[in-house]
Amino acid sequence: MKPEPLSETFVQEESYQTESTSKDRRTSSDSEHNFTDDEQTSDIEFDLDPRFLNTKYECLRPTPLKPKYNQSLVELLEVIEHSRELNGEERNALSYRHAIAALKAYPHNIKSYAEARKIIGVGPKIGNHIKEFLTTDTIPEAEEILASEKYQTLDIFSRVYGVGYKTALKWYRKGYKSIRECMRDPYLTHIQRLGLELFNDFQKKMSRQDIQELLGILDTIIKSIYSDCIITPVGGYRRGKEFNGDLDVVVSHPQEEIANNLLKDIVEKLMDTGHLKHKLFYARNKKDTSSELLSSHRNVMDKLDKCFCAFIQPSTQICRQVDLIIAPYSQYSTAVLGWTGSKQFERSLRNYAKKERNMTLTSHGLFLNVIPKRQVHVTSEREIFNILGIPWVEPEMRNC
DNA sequence: CGCTGGCAAACA
DNA sequence: TGTTTG
DNA sequence: ACAGCG
């Protein structure tokens, strides 16, 4: 559990923590011109605020939910990012996400094109958008996107559970303009029909209080089955979001045999008690205790069980999306880490593990990529950070 | 200039 | 296998 | 119609 040799990419233990207490001592930010060195390319960050860790790995620095600076710039870039996603331009969207994540973590407002371009992740194209923003206070392309009927329609359709950009585009081309029209489409999958029917409820955000109500129910019911289950809310709720579209929960139990059958038991009970209305997605992995098949002894290659549910919230009677994930005890910490997100934080972590540590991180384990692949046993989130040699990042600061 | 970019698993 | 999910 | 890296 000791940190591996550090690659000097991250050093600063301080300047790191939730920062704030911004005693603006000489951050070079006010003096809008650096003194001498303009051409002194000797070192990496000249102009950049030294509190900012300039890296392509978002997981190495804390990113708040709401940026303190560059907020409207971030919102506009997010419009372009989303538009790229809706057009299936995945790589392109990813580039915007890198730039956005950096701006959210950046400790003051960007003041110039040159400053922006020094940030890893901001290249010529996005740099130009920022330049436009600095003079016009908006980004023309983002405004055009927001005003376009196509974007508005695709945006709505793609929010339906079971609908991605391909289906959204298909419906748009058929001339549908509303959710109601989509419901008459003759080629709906079962899940899409459900998604359309539940659309209005699923669009309603849950307050933290709403979520606490649901957690109370889950806690009571799950513990009535096995009192020593461990129940951990993850997802946006754990990252501190005030309002959430769904609730993700990781459940585990110290005894492997019990954990193996837990999902079935929980789902049955939730059905019996009338809380669970629909199963949107049910993944049950063969626990395959038959020792004959597959690899050598000690196989234990079970993956997570999970069930994405439509769950009635008693106080409001609104249907809520609740994602239940059952993890064997041995995979509990990687499951919690993996399901806490954000999506970009996960991508970054896994990419870092692979590229910088020759390891593979997934929600069901941490592996060393030697031949054959060897599992690294971990028992806590902190231990995973330590092994990867990454400074601890609070869940509330994983919002990249 | 060419390659990579996070992943696994269900449904139709 | 392609599409979608978290 | 993106950006970084080797």
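Below, all heavy atoms of this structure are taken into account, side chains as well, without hydrogens, waters or symmetry copies. Only a predicted model underlies this, so the values are computations on that prediction, with no experimental measurement involved. The sequence lines fix the lettering, A, B, ..., with proteins before strands; numbering per chain opens at 1.
- Straight-line distance from the CZ atom of Arg238(A) to the C1' atom of dG6(C): 16 Å, rounded to whole Å.
- Heavy-atom minimum distance, Glu85(A) versus Ala93(A): CG-CB, 3.6 Å.
- Taking the charged nitrogens against the carboxylate oxygens, Glu141(A) and Arg84(A) do have a contact shorter than 4.0 Å, which makes a salt bridge.
- Lys279(A) has no side-chain polar atom (N or O) that falls below the 4.0 Å cut-off from OP1 or OP2 of dA10(B).
- Contacts of Val250(A) with the nucleic acid, taken as non-hydrogen atoms under 4.0 Å apart, are absent.
- Counting non-hydrogen atoms of other residues, nucleotides and ligands closer than 6.0 Å to CD of Glu90(A) gives a total of 12 or fewer.
- Among the nucleotides dT4(C), dA12(B), dG6(B), the one closest to any side-chain atom of Thr189(A) is dA12(B).
- When the C1' atom is compared between dT5(C) and dG6(B), the two are found 14 Å apart, to the nearest whole Å.
- Salt bridge Lys264(A)/Glu268(A): present, at least one basic N to carboxylate O contact under 4.0 Å.
- Atom pair Leu94(A):CG and dG6(B):P shows a separation of 5 Å (rounding to whole Å applied).
- With distances taken from any side-chain atom of Lys355(A) to the nucleotides dA3(D), dG5(B), dT5(C), the minimum falls on dG5(B).
- For Asp246(A), counting side-chain heavy atoms from C-beta on, the closest listed nucleotide (dA3(D), dT4(C), dG6(C)) is dG6(C).
- His190(A) comes within 4.0 angstrom of the backbone, heavy atoms only, and of no base.
- In this structure, Gln321(A) reaches the sugar-phosphate backbone alone: every heavy-atom distance under 4.0 Å involves primed, P, OP1 or OP2 atoms, never a base.
- At a threshold of 4.0 angstrom between heavy atoms, the contacts of Leu280(A) with the nucleic acid are absent.
- What separates CZ of Phe157(A) from P of dT5(C) is a distance of 15 Å, to the nearest Å.
- Checking dA1(D), dG6(B), dA9(B) against the side-chain heavy atoms of Ala283(A) singles out dA9(B) as nearest.
- Within 4.0 Å (heavy atoms only), Asp248(A) reaches sugar-phosphate atoms of the nucleic acid but no base atom.
- One interatomic measurement links the two molecules: CH2 of Trp339(A) to C1' of dG6(C), which rounds to 4 Å at whole-angstrom precision.
- Under the 30°/60° scheme for interplanar angles, the aromatic rings of Phe311(A) and His275(A) are found to lie parallel.
- Phosphate proximity of dG4(D) to Lys56(A): absent, as no side-chain N or O sits under 4.0 Å from OP1 or OP2.
- With rounding to whole Å, Glu90(A) atom CD is found 14 Å from dG2(C) atom P.
- Atom CZ of Phe367(A) is separated from atom P of dG6(B) by 19 Å (rounded to the nearest Å).
- Base engagement by Lys343(A) is indicated by at least one non-hydrogen atom pair under 4.0 Å involving a base atom.
- Among the heavy atoms of the strands, none lies under 4.0 Å from Ile325(A).
- The side chain of Thr360(A) contributes no N or O atom lying less than 4.0 Å from OP1 or OP2 of dC7(B).
- At whole-Å resolution of the value, CZ in Phe281(A) and P in dT4(C) are 14 Å apart.
- Rounded to whole Å, the C1' atom of dA1(D) lies 29 Å from the corresponding atom of dA8(B).
- The distance from atom OH of Tyr226(A) to atom CD1 of Ile258(A), rounded to the nearest 0.5 Å, is 5.0 Å.
- Thr167(A) comes within contact range of the sugar-phosphate backbone alone, with a heavy-atom separation under 4.0 Å but no base atom that close.
- Rounded to whole Å, atom P of dA10(B) lies 18 Å from atom CD of Gln192(A).
- With dT5(C), dA9(B), dC7(B) as the choices, the nucleotide that has an atom nearest any side-chain atom of Tyr161(A) turns out to be dT5(C).
- Checked by atom type, the side-chain pair Gln203(A)/Asp201(A) shows no donor-acceptor distance below 3.5 Å.
- In this model, the phosphate group of dT3(C) is not approached by any side-chain N or O of Lys170(A) to a distance below 4.0 Å at OP1 or OP2.
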